[in-house]
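Because the structure is a prediction, the values reported are computed rather than measured. Here, residue 1 is the first one in the sequence, and each next residue gets the next number. Only heavy atoms go into these numbers, but all of them, side chains included; no hydrogens, no water, no symmetry mates.
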Amino acid sequence: MTGNGDSRAVGGTTALPGAAPRPGLRQSVAPQAAPRGRAPAEESLGYQGPSACAAAGITYRQLDYWARTGLVQPSVRPAPGHGGQRLYSFRDVLVLKIVKRLLDAGVSLQSIRATAQALRTAELAELSQMTLMSDGAAVYRCSSPDELAELLRGGRGVFGIAVGAVWGDVEAALAQLHAERVDTGERVAPPEHPGDELARRRNRVG
């Protein structure tokens with residue numbers, strides 16, 4: 001998340017675009033590699049509003065408002081018109097969930113908008129290993145305990161979001177929800193619970 005308006009200062013932590021730099025914080029040298037095997041079908045599957053809301057933990061009213069105001073818009077398919085269904089990618093849903101957490105924590109909307117944009121353009125290898133820290137006014141990326149210590153050194157309260165952990169939550173939630181194949185529009189149903197199949201067998205026997 002460097003370049004194009006990033007606020008940087010000397011040290012080990014990078015403020016995300018739109019955030020004011022803090023003295024003594026260093027720029028991260030390089031993103032860490034993504035864990036092997038963690039490659040969501042973000043380009044092959046899309047998720048309609050109800051599934052995106054359920055996985056992100058937000059209401060449909062929030063989803064609609066954020067799309068209309070440009071805070072988090074669907075990258076797969078915007079609403080094509082009256083009655084159309086927006087289609088969100090895995091990354092979109094991940095950003096939705098992080099935005100919800102930042103809003104709940106009282107982070108400024110300006111910083112949240114900048115953070116959402118940066119998350120949407122970051123490489124997946126970088127994104128899955130990122131930790132976001134915020135003092136309420138700005139959002140920073142940390143890549144080591146030393147960088148976190150520098151944020152805490154000033155005595156201000158901060159909170160963190162491990163993007164990789166949110167990634168796992170979203171991945172698990174979406175696996176249980178309906179999806180749509182981006183290329184064909186085919187609906188993809190979640191795997192059935194073993195109890196559902198057992199209930200059907202009992203009904204057939206009865």
Side-chain angles (χ1 to χ4, degrees), residues 1-35 38-40 42-43 46-47 52 55-58 62-63 65-76 78 86 88-144 146-148 150-151 156 158-171:
M1 299 239 222
T2 58
N4 295 330
D6 271 351
S7 296
R8 300 176 183 173
V10 291
T13 311
T14 304
L16 294 174
R22 289 190 51 164
L25 299 183
R26 289 188 295 272
Q27 169 192 346
S28 297
V29 177
Q32 301 175 8
R38 299 193 70 183
E42 95 155 356
E43 294 184 354
Y47 305 90
I58 61 176
Q62 288 175 308
L63 183 80
Y65 181 73
W66 295 352
R68 287 188 291 105
T69 58
L71 181 57
V72 184
Q73 294 179 317
S75 62
V76 179
R86 299 185 182 100
Y88 292 80
S89 70
F90 173 90
R91 183 196 293 257
D92 295 337
V93 180
L94 178 69
V95 175
L96 285 168
K97 193 172 184 71
I98 292 173
V99 165
K100 171 68 160 53
R101 292 192 178 183
L102 292 173
L103 283 171
D104 288 347
V107 177
S108 70
L109 185 58
Q110 179 183 0
S111 290
I112 291 175
R113 284 188 178 277
T115 301
Q117 177 60 29
L119 291 172
R120 289 169 66 90
T121 57
E123 295 291 335
L124 282 179
E126 178 185 11
L127 189 62
S128 62
Q129 291 294 289
M130 191 178 299
T131 297
L132 302 178
M133 302 297 300
S134 178
D135 55 11
V139 180
Y140 300 89
R141 179 187 64 194
C142 295
S143 59
S144 76
D146 289 341
E147 295 170 0
L148 173 58
E150 289 190 59
L151 276 174
R156 298 184 65 180
V158 296
F159 72 93
I161 298 175
V163 177
V166 181
W167 178 310
D169 291 344
V170 170
E171 215 168 22

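Screening residues 97-116 for salt bridge (charged side-chain N to carboxylate O under 4.0 Å, His left out) gives Lys100-Asp104, Arg101-Asp169 as the qualifying pairs, with residues at least two apart or on separate chains.
Counting only distance, with no hydrogens or angles, the side chain of Arg120 and the backbone of Val72 share no donor-acceptor pair below 3.5 Å.
Taken to the nearest 0.5 Å, the CG atom of Leu109 stands 7.0 Å off from the CG atom of Leu103. In this structure, Asp135 CG and Ser111 OG are separated by 8.5 Å, a value rounded to the nearest 0.5 Å. Once rounded to the nearest 0.5 Å, the distance linking CD of Glu123 with CE of Met130 reads 10.5 Å. One distance of note links CD1 of Ile58 with CG of Leu96; it measures 4.5 Å at 0.5 Å rounding.
Of all heavy-atom pairs between Leu127 and Val163, the closest is O-CG1, 3.2 Å. Counting all heavy atoms, side chain and backbone alike, Thr121 lies closest to Arg91 at N-NH1, 4.1 Å.
For Ser75, the side chain to side chain donor-acceptor pair (under 3.5 Å) partners at least two apart in sequence or on another chain are Ser89, Asp92. In terms of the side chain to side chain contact (heavy atoms under 4.5 Å, CB included) criterion, residue partners of Tyr65 (sequence neighbours excluded) are, by chain and number, Arg68, Thr69. Residues passing the side chain to side chain contact (heavy atoms under 4.5 Å, CB included) test with Ala116 are Val95, Val99, sequence neighbours excluded.
In this structure, the side chains of Phe159 and Leu102 come closer than 4.5 Å at one or more pairs of heavy atoms.
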